[in-house]
Structure formats: structure tokens, C-alpha cells
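These values consider heavy atoms only, across backbone and side chains, with no hydrogens, waters or symmetry-generated copies. Counting starts at 1 for both ligands and their atoms, in listed order.
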Amino acid sequence: CLMGDCIGGACVCHNGWAGDLCDHCDGRILLDTDNGMLSDSPGDYAAKSKCSWLIAPKNSTSPLRLSFNEFKSECGWDYLYIHDGDSAFSPLIASMNGITYPAGQNNSYNPEIIATSGKAFIHFYSDVAYTMSGFNMTYTVDECVYDCFNRGNCTDKLILVMSLGKCECGNGWHGSSCQAQTCPNNCSAAQNYGKCSSSYPVDQCDCETGHTGQDCSLPAPSTKGVWDSFEFNPRATTPSASYAAVSVDHQIWVYGGMKFGVPTMQDLFMYNVSSQVWSTVVTSNQTYPQSRYGHTMVAWENSLIVFGGKLTKTEKAVDHIWQFDKINSTWMKIDYDVTFNKQLNNETSVLELSGHTADIVTLNNNVTIMLVMFGYHPVMSYSQFVYEYDIINKTWHRPQTGRVGKNKIPGLFGHTTVYDPTTNLIYIHGGAISVLSSIALVSTTYAYNPNSKCFTILKSSDQPRYLHSASLINGVMYVYGGNTHNDTNESKGALCYSPSFMAYNIQCNSWHTLKEQSNSLNPSRFGHDSVVVTSQSPTMTNSLFIFSGYDGMMVHDVLTYQPGSCEAIFNETTCIGEILRQNLPQKIQAMTKHAYLSKTAGCRFCRCHQDTKNVSKNLKKYFGFVYIYLQFCGKYFSGREDLSCMWDGKKCGLGAFNDTDTCKKGRSNIQTSCSITTVDFCKSFSNCYQCNSLDVCLWTERGCEEKLDDSVGVICSTACSMATTCSSCVTTGACMWCLNQQQCISTNSYVVQYPYGQCLEWTNKGSCPLYECSALKTCGDCQHNPKCGWCDDGLHTGLGTCMEGSSAGPMVFDNVTENYQVSAGMCGTGWYFTSCPLCQCNGHSKCDANNVCINCENNTTGDQCQTCALGYYGDPRNGNNCTQCECGIKAESCNSATGACNCDTKGVNGRSCEACDTDNGYTGNATGNGTCFYSLLINYQFTFNLKSDADDTYVTKINFKNIPPLEEDVQMNFLSSQSSNIRFAVISTATQIAFGGEQTILLVENVTDYTFTFYASKYRIGQDGLNTTVRIYVSDFKTPSLIKISLLQRSNRLLKILLILFSSFLVILLIAAVTWKMKMMYDVHRLRANRAVEMAEMAARPFAAIDLCCDDMYRSTQVIGTYKVLTPEAICEEKCSNDQVSVVSVFLWLPTSIPSAPPPGQCGLAIGTALI
Ligand SMILES: [Ca+2]
């Protein structure tokens, strides 16, 4: 008993713990010492954990420092919420989930956080599926985060700013926990590269021309990218995620986003890059948009246009456009027009999107549009639409789009887009898609041509992610961070928060992994955005600016990245990035006399793709082209991989795509126009609502098709979000109900709907537990809900009311401040927040000195008088009444919860014991005073095993009957393990009419072994025309009981019959043996036939024509559907009607040797199917 006492061989757990060994948390615990530790359990946490802790040190009001030694929970599903204060209504400061690594391991990062109020309310919730090792954390008062890294003093000076520590950093260090070095290396002043200059808020290096980097040690321009990070002033803005940011003229505008802590009214912030100052933008009128996240913002002329997103208050997606006038500092909600049917129904418009993207594009016809792509819609699921918003005319269009190739373009959530004016294409990367009932992440890159409305699939990054950021600098798309955790079973350890940094070179359609930034405490995050800051110096390239994001907390810093520049490269080879022969392994060098050393001025990356003609034939023959490309291009490439440079004969410069013909030729051959047909357009939709929202398409049994005059449509099945109650939501397995948000959502959207832990608890599959505080009836149930506390009525019987509250008392919502306020008067002295009253009798008893309920009154029973006593039913918890059972004489008691009678006669059932259990051979008429009988057979012994744990608990009676066939005496033998009373009776009927009624012959009491004879002559047994029934009533026994009973009727005639029977039996046995053999043969035949049918069926799969593309074969990747993944996935999937199982087909690549030739006559590929 880890956290309990062993009493009488069973563990009795301490408050806040549960389990057979009291080894996992449950309920609520108060920690009131100045320091301590808390953990979910020593091993993995339990499924369906609901645990909370209130840290409220008795002797201190100083800020609390919370440090995690370990944290591992299921990313996106199991959360640890930390509130800065004494209740779940206090400001949230973290919603930890996913994995952090203990110090010393890779990506080491032990999160620490300060609760400035001096108290912390912590709640842990795990759902029904998948558990991990959980967490273990410590807390101390009056200390600083990371103990200032021993670079400064942790002082007692209280700074009343949220999350600001109290480190007074020593010389040379700054930051809230002294994590950043001030003027590192003295700005390389010794080499005259720079000097440390006074600056607000901290001194910074002022580098001389020709030098850059944090300590001015890098040459400027530099071939290497340079990272920097700094904390922003939290007084001016709040860290957030899923906000929107744009950069205009050295000003970065940040609007909205999911924020923890106290809500802010005005959500627009501006960062001045030149002065490095953040400021809140205060609007000059009282109209401004409600707080939202998952929206988009674009800059157009002197305004910012915000579209869509989910309102933080209601978690509802909106279709609003708000425009901010930068000159007058005013917000305006735009009334727009649409050229399509906008309303899906009365409540929902098709434009209610979140997690979409928006870009400003000027089309060939000179119309400037905001191009909105994909996103999640509550009814229409992952949107596959592209919308065009004509900014001048305030009108939305929804163009038909097409694609190059056959692969459908799926609807995406949390993807990124960048618009490249040079190629006039939008580049789309990553995102979450729907796969059956769960989500999958993709690593696909698409190009979208806004003029031809065509999608083209480009090279995959092979690293699926969503909620990452992407920005374009000099033809290179930089992708940072994101959530890389797929569905738990698919994720294979992928991180919830990725630190990775990748570059996509548009010119060459190639991906490169870049060095992760290492300047900040934790480079990993998702939900951030990146913008491009235009360089103020002609020798420097534009730089990347990344603000905040989410890593379980809202990240408190800004990252900047200055890419390397081509100008810093001084020789041709490095500039254009050839593979250097001397870098190749010796063995291969010998075979590569001509390989890759030909000189053509051109564009670097494309050479790997294009210059294969110069590769030695021997080498090609030996290794194959694919091998050369994969192995050498990245590995032995000289120079920089994330730059697109060219050599003009004298110097290296930016390799703009259309500068020279050579470059053009070098460009990968990407087709970006296609024919767009309505048939294809309709077919691309995989959602009924999306399909039917288009006038030209119709959802049929075959999917989305072009609407023709004779088309027969199918009505869309109800979307989860249309259900407004839990019970209507959880009827199918496809939906789940979020208890605190009161929302029904599809299982394939949970993590995209609540990416920051907004759902405190969910349920599905027909169960709808009570959740509101007021509905919870015991103190224990009450405290499982983090928002509730228990108000005892002061009578010490356990009676009370569950209310919303904090440790200080009940809380009520104040409509004026729109906040919860403590209203201590509502409860008085009986407030229990972290413990329960010791006497728990549900109002039906007082307690003795040991807090045991003395005598449960009001017809209740149980340790806490929590159930109705025998003969009563109902839910007596918290003072409710029990109702008397209505069973008459047929039962002494009823089910204490439902009131169904516990019938005392075996074979009698029904709520009021009015029916016979005919399924088990009991017949009769149980209505009124009637009863049921078991029909015995003559000359057989029957055994009845009446158990005390099954349905027989309350059985005290059993009745038997028989109509003896012969005119002979009937001998009854009775043997029982329990003493019983037996009544013998006969009843004669002639043509169904009772003949004198039942006649009792004898009553014997308290017997276990008894023999009785019904005399044929006396009781007219077996006489023709008279159906005389013998009846045996066994009563007053207790279960468990074993009863053996037989009726014997002996006669010569009987013997004859038996002999005939026996000889017949032998014949029957022979026939049976022959029949059995025939049956066996038939079974084998049928099995073979079935198998043949099955094999024919199997061979007919897959059901759809598919294109197989074997790219990058040596990395065993497969192009599946429209995205590429590293793990094998189904090429086709046929759902069974119940949505629970499906038949999947997979491609199998049979093992081959290098060179990649399968055995003669074999194609090397096979198709397999499986039922999953
Ligand atoms: Ca879980």
C-alpha cells in the first residue's frame, strides 16, 4: 500500500490516492509546506485519472517555483493544467502535455514556471486510452526559475509582473533567469569587430561593418545563418499561439491568438524592429473584434485584414472579416458579398474556418485578392476549398480548382503557405488531414497557381508536421518547429513540439535540414508564426522573425534568423555547389573520372538532378542513378544547401530563377497548369457537405459527382458538431463530447479543435457522466471536477452541495466583470476544497467518534448510507429518499437502484415478477398470485445449482411439475444441500378446465433428503382423459443450494419401452456415425469452396485503380494518396458499414538485392489485404 494503510489485508488509501496498491493519484491533495514534490504515480499513470493538487504554503505568500524533473504524457490528449492561484478559475499558466527530456539527454529541457500568486492549483487529466510515465515535479517558495542559472541573485524583491522572475543577474548576464549573455565575448572588441553599447532593455553588441553574429565574430555577409533570441517585454504583450502576424515596413503586427492568464481586451500588438519596442495598439473607437485564435491576417495597403478563426470565449469558428485601419487606428467589421451559396444551414456558413491560411495575390487581371486556403470547418470537416476574397469589391469567390496528376488534394489544417512573386505560385507545406476516424500529419509540399487554379505536388519534406511556420527569403522557404506527433499509435516517438528547422529551395524543388537554433532555453514549439523582416542594410539578406508559440506553456521569447548570403562566397565551386570529386570515397573516385566536375555556370541545387549525363557509366551501372543522387548530392555537396546562389564569372550572387537561361534550364520541370473540369472538381471532394455546398456537384452513393439532371443524391449524415447535447452526441463512435466546452466534435478533429488543452474531459460511446458541479452528489465526486468544491451543511451527516469554487470559498460568475468572484457567504464555515468532511453518511446518519455512520436511517444502507436498504430503491445520496419496492408477496426486495423486484421464486421474472423465464424452461402464469413451474421428466434426475452470486441471490422457492404418462405410482426423490420445506399437490384438468382445483397432499418442513410417492390409484394418475399433474413446491431454502430431484414411474410396460428404446438407440448410433462421416466430408468440401470464393474476392482487391510511384526507393518511401510518408500505409481502405473495421490493401515490396533487380519473371511488388 504505497500511499495507504494495509487494513485487514486490503489497502485503504490516503486522501488523493487510489488503486489496489494506492499507487496512483485520484482526487485532491493539499500541499501546505514551503517545498515539496508531487507526482501522478511511481509507474505509468492510470487511464481516466482525475487528480488535483493545491499548493498553498502556510507560512509564505512568496512566488512558487515549479520544476519538472520528468514529464511524459500523451501529446494532445493527456494534460497537466497549472493555474497561478488557488483554483481552476485562476489564470492558467501551463497545459503541459507531450514529452520533455530530463537534463543530460538530447533536447534537454526541464520546464520551470513561477506561480507569482504564491499558490498553484494543478489538475491532471488522462483519457481512456494510452498512458505514459507521467510527471514528477518539485516546488519551492521564494526561489527563481532555474535558480538564475547561478549567474545572479534570487532576491526577495517582488516584481508584480506575471511570470517575471526575481533574478538580479550578475555582470554579463541578463534575462528573467539570467539565461542570456550580455555582449558575449565582449563583442570581439579585441579584434575590433564590435563593441558593447548601452541599449534598452539590455546592452547589445554593436558590430562593425563586415561583422555579425551575437558576438560580432562572424563575417558579414556570412555564409552561415545566424540565430538570435531575446525575451520580449511581457508588460507590452502576452505570449500566445495560433495568432497571426504580418511584417510591414519594419513593423511587425501581431493579432490575437490563444493566450493563458488574464484575458486582454485589445489583442493587437506592434513591434518596431528599429527601436525594438513592443506596444499595445489601442484603438481609437470602442469597436474591436472579440479575442480569437486560428485566424489569419494579411496586410493590404494601410490596413490589416483579419479573417476567420475560433473565438476564445466560445470555441466557435466565425466567418468574420475585420479590417484595421493603421492610419486611424480603427477596427471595422466588413460586410461582404458572396458569389456562391454561403449558408450551409440557418446557423452555419461555409466560411467558418480556422487553421486556414491567407495570402495577398494580384492576379493576371490586376485584381488583388486575399486567397484563403483549406482549414477546419465544424460541419464540413477539413475544407478542400480555395476562396478568393476581392478586397476592393468586398466579394468572395470560390473558384473550381484542378490538379496536375491524379492525386486528390486533401483538406488541410495547420498547414503553411508562402506566396512567391517570382514564380507566381503559392507554396503549401504540411498540415493535418483526416484519415478515417483519426488525424494524420503530412509532409507534402504543393504549389498552387492562383491564375490557372492548379495544384501541383512537389517534393515532400518527409517530416510530417502541422502548426509550424514558413516564410520565404530569396527563393528559400524556411520551415520552423510545429507539432510532429501523429496519432499516438503512428507517432513513433515523434515530438509534440519540434525544434527542427528546414529549408525548401523553390528553384530546385529540394529540402534541406538546417542546424537547430540553440540560443534559447527551448527551441521547440508549435502554434507560432514567422514573418520576414526586410533588411535595412544592402549587404544583408532579409531575416526571419519568430514570436512566441506553445510548448506546454506559452513561450516567452522571440527568435530571429539571418540566413547566410551568397555574397560571402568567393569561389565558383562553392558558389554553385558542385560535388567535389576529392570528397568522394576512394573506391568511387576511381570510377568517376568525369563525374560531376564539368563546369557550367548555373544554379546549384539543380545540378544534382540534371547533370547525371556526366556521371561515369560504370558508376551508373554499378549503383544506379537513384543511389548516386541520394548518397552524394547531400553528403558531399560543397558549400551551403539553403542558399540559391549563382556565379556570374566574377562573384557569387543570389541565383534568381529567371536571371539566365542556364538557370531556367536548371529549374526542375514543374507543370503548374492543368485542365479544370467540373467532373474532376466534384470528384476531388471526400465530404458530403462540401460536395453539396457546390451547385454543380452532388453527393451520391459513389461519392461526389457532377450534378446531372437525373442524379440521385444522398442526404449527408449528421455532422457531430450539430449535436447540442451529450446524449445525442455519443450515439455513434465517430463523435465525442467535450464535457466542459459542451461541444460535440468528430473524433478526427479532437487535437485540431483543442490544440492547447481547452477540453478538460471528454466522453464517447454512449456514456454521459454528470459534470456540472451542481449535479455531483458526494464530496468525492465533486472534487474530481477541478472547478468544484463541497459545501457541507454543518449537520455532520455528510449532507452538502457541490459548488464552483476555490480554496477560499464558492465562486459565482459576475456579469459586470465577466469573471468568477469568491462569494464566501454562500457557504459559511462548511467549505471543503481539498478534503472532505470525515463523516459521510449522505444525510441519513450521524457518525460515531471514528466517523463511522452509526445507523443508516431513511431506509438506507452502506458504509456511507449511500444505497437503499432491502425493500427500497432509489439514489439516496446527498439526502435523497428511497422508495419502497412494489413487489407484493412475490419478492421481499428490489434492485436498490432501479426498483426491479428480486423475485423469490426461481423462474419468475419481470419488474414486478409477473412473467415466467420461458427461455430456461419455466412455464406457468405468474400474474396475480400465480407462479411458474419447471417441467420435470419421468425417470430423469435433475440437478439445480442455485448460486448466491448470480440471479439466484434472492431465490427461496422453486416449483416443479409433471404429468405422469402411465397409470402407475410416481416416486419422488429429493436431495438438497439446504434444508427446505416441500409441499406436494396434484391438480387434475379435463380439457383445460381445472377439475376440483389444486389438492395439497402433504407439507414437510426442514428436510434435506426426502422420498414421497404419489399413488396412482389415489390421485387418478395417468388415467385416460384426465391430465393429472403432480406439483412439488420447494420453499424456504437459502442460496447457494444444490437440489437434486427425480420422478420415477416403474412398470413392465416401461421396461419394454426401455428395451425397444435401447435397440433403436443402437441403430440410431450406427446411422449417426455414418451421418457424421458424411457431414465431415461435406464440411471439408464447404471449407474449400469458401476459401475459393474468399481467394477470388481477395484477388479482386484493391477496389480502385491506383497509380504506383516508386520514388526514392532506397529510403523505402511510398507515395500514397496525395502525401508521402515514411511508414507503409494502406493504398486503399474499404470501411465496413459499422465504421469499426475496414479492409485495407497494402503494397509490399519484396526483398531485393542491390542492384535492384527482382528475380526473373517477378515484378517485386505484391498486394496484400488485411482486416483492421
Ligand atoms: Ca491518454
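Using cut-offs of 30° and 60° for the angle between ring planes, the Y45 and F124 rings count as perpendicular.
Screening S95, P239, S240, P91 for a side chain to side chain contact (heavy atoms under 4.5 Å, CB included) with F260, the sole residue that qualifies is S95.
Summary: OD1 is the N/O/S atom of D127 found nearest to the Ca ion (ligand 1).
Remark: aromatic rings of H468 and H429 are close, center separation under 6.0 Å. Aromatic pair F833/F121: centroids less than 6.0 angstrom apart.
With the Ca ion (ligand 1) as the vertex, atom OE1 of E74 and atom OD1 of D78 span an angle of 100° (nearest 10 degrees).
The Ca ion (ligand 1) does not have A47 among its coordinating residues (no N/O/S atom, backbone or side chain, under 3.0 Å). For the Ca ion (ligand 1), the set of nearby N, O or S atoms under 3.0 Å includes one belonging to Y130.
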